[in-house]
Number of protein chains: 2
Amino acid sequence: MANALEVVGERWSLLALREVFFGNTRFDQIAANTGASRDVLTVRLKKLVAAGVLEKRLYSDHPPRHEYLLTDAGRALHNVMLMLKEWGDAYVTEGPLPLVWKHSCGAVLEPRVMCAACGEEASRGSLTPVTAPTH
Amino acid sequence: MANALEVVGERWSLLALREVFFGNTRFDQIAANTGASRDVLTVRLKKLVAAGVLEKRLYSDHPPRHEYLLTDAGRALHNVMLMLKEWGDAYVTEGPLPLVWKHSCGAVLEPRVMCAACGEEASRGSLTPVTAPTH
DNA sequence: TACGGCGAGTTGGAAAATCCAACTCAGGAG
DNA sequence: CTCCTGAGTTGGATTTTCCAACTCGCCGTA
C-alpha cells in the first residue's frame with residue numbers, strides 16, 4: 001500500500017488519471033477539469049510517466065502535440081478508482097451523484113470486492129492477514 | 001472521487017487507517033509504523049475523526065488513554081485499501097510481498113471488482129459512464 | 001508580414017504544508 | 001523523588017503548492 005501511494009498518492013495524481021480514463025488526455029483538459037495548477041500538473045504527469053502509469057505520445061508532428069495514454073498499469077488502477085468513488089459516494093458526497101457507471105447487465109454499478117479463487121465476496125470478516133516470514 | 005480524496009487523500013491518512021485496520025489503534029503505534037511525523041499525524045487523525053472515519057475513544061480513565069477506532073465509514077474503506085494494495089503489489093512492489101490476505105475459502109486473496117446486481121466481474125469494457133442530467 | 005490563438009509547459013514569488021527534534025504534561029512504576 | 005509512557009505541542013528549517021504571468025513553436029487569417 002505504501003508503495004502504491006508513493007506513485008499515485010500525491011495530490012492531483014489520481015484526479016489526473018481519472019481525466020485520462022474519461023478520455024481527456026491533453027494537458028489543458030486535465031488542468032481545467034481537475035483544478036490542479038499547471039506547474040504541479042507538469043510534475044505529476046512526469047512522475048506518472050516515469051512510473052509507467054501513463055505514456056506520453058505525440059499525436060501530431062506539425063504542430064507538435066501530445067496526449068497522455070494509460071499503460072497496462074494505468075488501466076489496472078480503474079478498480080482502485082471505482083472503489084474510491086464508491087466510498088466517496090456512500091460516505092462523503094451529498095445530494096445526487098454527478099456520475100454513475102452502468103454495467104453491461106443493465107444495472108447501475110455497485111462495486112463489490114470478491115475473491116478471484118472462489119468467487120465469493122471478500123468482506124473484512126472473511127479475510128485474515130498473513131505476514132511473510134521474516135526469515 | 002474528488003470528495004473521497006478530500007477526506008482520505010492527504011499524505012499519511014490512508015497509512016494511518018491501515019494501521020487501525022491492523023489493530024494498531026494508539027497514537028504512538030501509528031506514528032511508528034507509518035513514519036509520519038507526530039504533528040502531521042495529530043492533524044490527520046483529527047481530520048479523520050471530524051470526517052466520521054475514525055472515532056477517538058477513551059479506553060482507560062486512569063491514566064487517561066485513548067485509541068482510534070473505525071466507524072462504519074472507516075470500515076468501508078477496507079475495499080479501497082484492498083484494491084490499492086493489490087495494484088501496488090502487481091505494479092510497484094518488487095520482490096516478495098510483506099503481507100497477503102487469506103480468504104476464508106483457503107486461497108490467497110486476489111481481489112476482483114464485481115457488479116453487485118448481477119455478480120459478474122465489472123471490467124472497464126463492461127462499464128459505461130452515465131452523467132447526471134445537468135437539468 | 002503581422003496578429004491573434006492554441007497547446008504545453010516555465011518562471012518567480014507568496015502562502016501553506018511538512019519534517020524533525022525537543023519539549024510538555026499527566027499519570028503510574030520502582 | 002525519579003524515571004517512564006502515552007499523546008500530543010512547539011519552533012524553526014525545508015518542501016510543496018498555489019497563482020498569475022510569461023514563453024515558445026506553430027498555425028490560420030488578412
Side-chain angles (χ1 to χ4, degrees), chain A residues 1-51 53-70 74, chain B residues 1-51 53-70 74:
Chain A
M1 250 194 67
N3 294 333
L5 286 174
E6 232 152 86
V7 175
V8 297
E10 288 169 308
R11 209 176 168 194
W12 306 120
S13 293
L14 276 176
L15 290 177
L17 282 164
R18 177 193 66 183
E19 290 310 312
V20 179
F21 271 106
F22 281 133
N24 299 326
T25 57
R26 298 207 311 285
F27 187 90
D28 277 17
Q29 294 178 313
I30 299 173
N33 292 327
T34 60
S37 48
R38 311 171 69 78
D39 51 356
V40 175
L41 191 57
T42 303
V43 175
R44 289 293 176 279
L45 290 173
K46 270 203 184 98
K47 183 164 179 182
L48 290 172
V49 169
V53 176
L54 288 178
E55 180 189 351
K56 189 175 182 176
R57 215 198 45 158
L58 207 69
Y59 68 87
S60 151
D61 262 337
H62 283 289
R65 293 279 181 270
H66 359 62
E67 61 187 340
Y68 291 91
L69 298 179
L70 294 162
Chain B
M1 249 194 67
N3 294 334
L5 286 174
E6 233 151 86
V7 176
V8 297
E10 288 169 308
R11 208 175 169 194
W12 307 119
S13 293
L14 277 176
L15 289 178
L17 282 164
R18 176 194 66 182
E19 291 309 313
V20 179
F21 271 106
F22 281 133
N24 299 327
T25 57
R26 298 209 310 285
F27 187 89
D28 277 17
Q29 293 178 315
I30 300 173
N33 293 327
T34 58
S37 49
R38 312 171 68 77
D39 52 354
V40 175
L41 191 57
T42 302
V43 175
R44 288 293 176 279
L45 290 172
K46 270 204 183 99
K47 185 166 177 180
L48 290 172
V49 169
V53 176
L54 288 178
E55 179 189 351
K56 189 175 182 175
R57 215 200 45 157
L58 206 68
Y59 69 87
S60 151
D61 261 337
H62 283 286
R65 294 280 180 266
H66 0 62
E67 62 187 339
Y68 292 91
L69 298 179
L70 294 162

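Within every chain, numbering begins at 1; the chains are lettered A, B, ... in the order of the sequence lines, protein sequences first and strands thereafter.
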Side chains of [X] and [Y] in contact at under 4.5 Å (non-hydrogen atoms):
{"X": "Leu17(B)", "Y": "Leu54(B)", "value": "yes"}
{"X": "Arg38(A)", "Y": "Asp28(A)", "value": "yes"}
{"X": "Tyr59(B)", "Y": "Arg26(B)", "value": "yes"}
{"X": "Val49(B)", "Y": "Tyr68(B)", "value": "yes"}
{"X": "Glu19(B)", "Y": "Gln29(B)", "value": "no"}

Looking at [atom1] of [X] and [atom2] of [Y], how far apart are the two atoms once the value is rounded to the nearest 0.5 Å?
{"X": "Lys56(B)", "Y": "Leu69(B)", "atom1": "NZ", "atom2": "CG", "answer": "12.0 Å"}
{"X": "Arg44(B)", "Y": "Leu14(B)", "atom1": "CZ", "atom2": "CG", "answer": "11.0 Å"}
{"X": "Leu41(B)", "Y": "Trp12(B)", "atom1": "CG", "atom2": "CH2", "answer": "9.5 Å"}
{"X": "Glu55(B)", "Y": "Thr25(B)", "atom1": "CD", "atom2": "OG1", "answer": "11.5 Å"}

Legend entry - Residues forming a salt bridge (charged side-chain N to carboxylate O under 4.0 Å, His left out) with Arg57(A), sequence neighbours excluded: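 So Arg57(A) forms a salt bridge (charged side-chain N to carboxylate O under 4.0 Å, His left out) with Glu67(A).
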Inset, instruction - For Lys46(B), check salt bridge (charged side-chain N to carboxylate O under 4.0 Å, His left out) against everything at least two apart and list the hits. - result: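 Partners of Lys46(B) by the salt bridge (charged side-chain N to carboxylate O under 4.0 Å, His left out) criterion come out as none, since no residue qualifies.
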Inset, instruction - Please state whether the phosphate of dA17(C), meaning OP1 or OP2, lies under 4.0 angstrom from any side-chain nitrogen or oxygen of Lys47(B). - result: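 Answer no for this pair, as no side-chain N or O of Lys47(B) is under 4.0 Å from OP1 or OP2.
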Inset, instruction - Work out which heavy atom in Glu6(B) is nearest to a heavy atom in Lys47(B); give both atom names and the distance. - result: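 Smallest heavy-atom distance, with atoms named: O-NZ, 3.2 Å.
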Legend entry - Minimal non-hydrogen separation, Ser13(A) against Leu48(A), with atom names: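 Smallest heavy-atom distance, with atoms named: O-CD1, 4.1 Å.
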Inset, instruction - Taking only heavy atoms on the protein side, list every residue of residues 1-12 of chain A lying under 4.0 Å from any atom of DNA chain D, sorted numerically. - result: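 Per residue number, the list reads Arg11(A), Trp12(A).
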Legend entry - Sub-4.0 Å heavy-atom contacts from residues 19-35 of chain B onto DNA chain D, ordered by number: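 Going residue by residue through residues 19-35 of chain B, the ones with a heavy atom under 4.0 Å of DNA chain D turn out to be Arg26(B), Phe27(B), Asp28(B).
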Legend entry - DNA chain C contacts among residues 38-46 of chain B, heavy-atom distance under 4.0 Å: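 Those residues are Asp39(B), Val40(B), Arg44(B).
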Inset, instruction - Round to the nearest Å and state the distance from Tyr68(B) atom OH to dA7(D) atom C1'. - result: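 So the two atoms are 8 Å apart, to the nearest Å.
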Inset, instruction - Using a 4.0 Å heavy-atom cut-off, write out nucleotides 24-30 of chain C from 5' to 3' as B (base contacted by protein), S (sugar-phosphate only) or - (no contact). - result: ---SS--
